[in-house]
2 protein chains.
Amino acid sequence: MSSETGRTRPYHHGDLRRALIDTALQILQEEQNWEFTLRELARRAGVSHAAPYKHFADKRELLAEVAAVGFRALRQAMEAAAAGHEGEPEELLAVLGETYVAFALESPARFRLMFGPVRDDEPPVPALQSAAGEAFEALRAAGAGSGGGEVDTRTLAAWSLVHGLATLLIDRRIPGAPSDTAGTRALVARIIRASVRAPA
Amino acid sequence: MSSETGRTRPYHHGDLRRALIDTALQILQEEQNWEFTLRELARRAGVSHAAPYKHFADKRELLAEVAAVGFRALRQAMEAAAAGHEGEPEELLAVLGETYVAFALESPARFRLMFGPVRDDEPPVPALQSAAGEAFEALRAAGAGSGGGEVDTRTLAAWSLVHGLATLLIDRRIPGAPSDTAGTRALVARIIRASVRAPA
DNA sequence: GCCTCTATGTTTTCGCCGTCAACTTAAAGG
DNA sequence: CCTTTAAGTTGACGGCGAAAACATAGAGGC
């Protein structure tokens with residue numbers, strides 16, 4: 001409801017939380033890792049070093065929210081890419097895979113954060129769980145499986161291929177891989193198309 | 001050459017470095033992450049908190065050496081599994097893939113550490129680079145490609161599939177996945193066999 | 001056999017971090 | 001208008017990574 005013009009800062013200080021998540025995403029993009037300190041984040045957001053604790057229990061929770069935003073973005077990207085390919089399941093799967101890898105390459109650190117390990121000893125962050133679940137649902141829907149909660153074999157194979165390719169690429173683990181965007185995109189397309197064409 | 005009985009501690013204090021790497025691997029296995037402090041590591045090794053700096057420039061270098069040991073272990077495991085399947089390329093690839101995933105499941109944190117991002121701004125650790133390269137060479141040799149330094153398409157597809165499956169499994173990202181070892185093993189075998197049978 | 005040299009380990013110190021507790025401020029609502 | 005309370009600040013604590021200054025004990029030259 002706040003207008004863009006006029007007094008930009010809302011009442012107290014502004015809606016931190018949103019600002020903190022945005023700033024965290026910025027730093028994540030700049031430094032390509034999430035080893036930045038909470039104090040640095042607060043500094044860049046223009047608040048005191050303890051202010052974030054009014055919105056997040058600790059650093060893990062803040063990062064989990066950032067990851068959740070990432071999963072929503074991934075889901076949107078996949079849904080947008082899927083539009084218009086409802087008729088042809090093979091093409092749909094290929095396009096979805098290319099989108100998945102492109103998403104990872106576009107922001108490697110965010111992708112790594114999203115797929116960081118789910119630790120058993122820490123309490124789960126609900127927003128992250130639901131966002132991740134919905135993203136995977138978009139992926140599962142493209143597979144041959146029915147509407148159940150399980151992932152069918154073919155879909156899982158495709159997902160694994162695409163996820164592994166994305167991971168290996170962003171971690172620069174493939175020896176002869178091209179370093180430019182165009183070459184990488186061609187490589188991804190080649191591998192995905194070849195695998196999709198041959199139904200497992 | 002040191003006997004197990006008698007004076008166990010060698011001259012000065014022992015061969016730290018080896019001890020530190022071993023202890024780090026232990027903690028890594030116990031806590032399933034590498035957020036442990038260098039001071040905690042020194043404590044468990046029975047030395048002062050600054051002693052590690054006589055053997056490693058910083059914490060990253062120590063972790064890189066741990067990762068290098070992991071790559072050597074992965075290479076050994078794959079070579080052992082490959083023995084006896086020289087004649088049949090399809091079976092060889094499948095067995096190699098199963099070994100790869102089993103290695104990841106056996107020690108998830110070590111696997112994650114090994115495949116952590118290669119940062120451009122940090123100086124590379126030679127031992128890690130060579131160990132990783134040799135492990136990938138063992139994998140590439142199983143593919144249809146020749147002896148060049150590049151990875152052929154089919155091999156890369158297989159590697160991606162297996163790497164992605166391993167990653168998704170250890171990060172508990174697959175919704176309906178079995179939690180027990182036997183079930184997981186069966187799932188892995190099913191996916192790999194199906195994909196290998198259908199040449200891309 | 002002694003004596004220096006140097007690798008290895010210790011102590012001390014520094015600045016910074018995550019987190020918490022106590023205090024302050026200002027928007028909201030009866 | 002005045003109280004309540006969410007949101008932000010200040011200050012403190014223990015612990016960390018890293019570096020500097022210091023200590024010690026094998027090893028090798030003489």
Side-chain angles (χ1 to χ4, degrees), chain A residues 1-3 6-24 26-28 30-31 33-67 113 116 119 121-123 125 127, chain B residues 1-3 6-24 26-28 30-31 33-67 113 116 119 121-123 125 127:
Chain A
M1 301 302 184
S2 63
S3 63
R7 68 199 81 178
T8 43
R9 309 281 181 76
Y11 313 104
H12 209 200
H13 213 126
D15 64 328
L16 258 180
R17 187 183 178 89
R18 174 72 59 146
L20 286 173
I21 292 178
D22 287 353
T23 307
Q26 250 177 272
I27 305 180
L28 190 65
E30 288 174 18
E31 318 216 340
N33 68 55
W34 54 91
E35 284 166 11
F36 60 85
T37 67
L38 221 45
R39 290 167 110 104
E40 160 81 6
L41 175 62
R43 247 171 262 140
R44 302 240 313 215
V47 293
S48 79
H49 67 266
Y53 286 90
K54 295 293 170 179
H55 299 275
F56 306 99
D58 53 17
K59 191 182 175 184
R60 282 198 95 76
E61 193 174 300
L62 180 269
L63 289 177
E65 299 289 350
V66 173
L113 174 63
R119 297 188 50 177
D121 53 333
E122 300 276 345
V125 177
Chain B
M1 306 307 176
S2 62
S3 63
R7 67 200 82 181
T8 43
R9 310 281 181 78
Y11 313 103
H12 209 197
H13 213 125
D15 63 328
L16 258 180
R17 187 182 177 90
R18 174 73 59 148
L20 286 173
I21 292 178
D22 287 353
T23 308
Q26 251 178 271
I27 304 180
L28 189 65
E30 287 174 19
E31 319 215 339
N33 68 55
W34 54 91
E35 284 167 13
F36 60 85
T37 67
L38 222 45
R39 290 165 110 105
E40 160 81 4
L41 175 63
R43 245 170 262 138
R44 301 240 315 215
V47 294
S48 80
H49 67 264
Y53 286 92
K54 295 294 171 177
H55 298 273
F56 306 99
D58 53 16
K59 192 183 174 184
R60 284 199 93 78
E61 192 174 299
L62 181 267
L63 290 177
E65 300 287 351
V66 173
L113 175 62
R119 298 188 50 179
D121 52 332
E122 300 277 345
V125 178

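Computed from a predicted model, the values in this text were never measured in an experiment. We name chains A, B, ... by the order of the sequence lines, and we start the count at 1 in each one.
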Fill in the blank from the handout: In terms of heavy-atom contacts, F56(B) and E65(B) come closest through CE2-CG, 3.7 Å
Fill in the blank from the handout: Heavy-atom nearest pair, L62(B) first then A24(B), reads CD1-CB, 4.2 Å
Completion exercise
Whole-Å distance, L41(A) CG to dG18(C) C1', equals 13 Å
Fill in the blank from the handout: Value for CD (E61(B)) from OH (Y53(B)), rounded to nearest 0.5 Å, stands at 11.0 Å
Problem - Pairwise distance NE2(H49(A)) to OG1(T37(A)) - rounded to 0.5 angstrom - result: 11.0 Å
Handout entry: Nucleotide-resolved protein contact map, nucleotides 10-20 of chain D, B/S/- at heavy-atom distance under 4.0 Å
Key = BBB---BBBB-
Exercise for the section: To the nearest 0.5 angstrom, please state how far the CD atom of E40(B) sits from the OG1 atom of T23(B). Expected result: 10.0 Å
Problem - Atom-to-atom span, CD of E61(A) to C1' of dT19(C) - whole angstrom - result: 14 Å
Exercise for the section: For the pair R60(A) and D58(A), find out whether any cationic side-chain nitrogen is under 4.0 Å from an anionic carboxylate oxygen. Expected result: no
Practice task
For DNA chain D, find the residues of residues 17-24 of chain A with a heavy-atom distance under 4.0 Å and give them by number; none if there aren't any.
Solution key: none
Practice task
Sequence neighbours left out, what passes side chain to side chain contact (heavy atoms under 4.5 Å, CB included) with A51(B)? Give chain and number order.
Solution key: L16(B), V47(B), S48(B)
Exercise for the section: Take the protein atom CG of D15(B) and the nucleotide atom P of dA7(C), then report the distance between them rounded to whole Å. Expected result: 17 Å
Exercise for the section: Could you state the atom-to-atom distance from NE2 of H55(A) to C1' of dT9(D) in whole Å? Expected result: 13 Å
Fill in the blank from the handout: CZ of R44(A) to CG of D22(A), rounded to nearest 0.5 Å, is 12.0 Å
Exercise for the section: Round to the nearest Å and state the distance from K54(A) atom NZ to dA22(C) atom P. Expected result: 12 Å
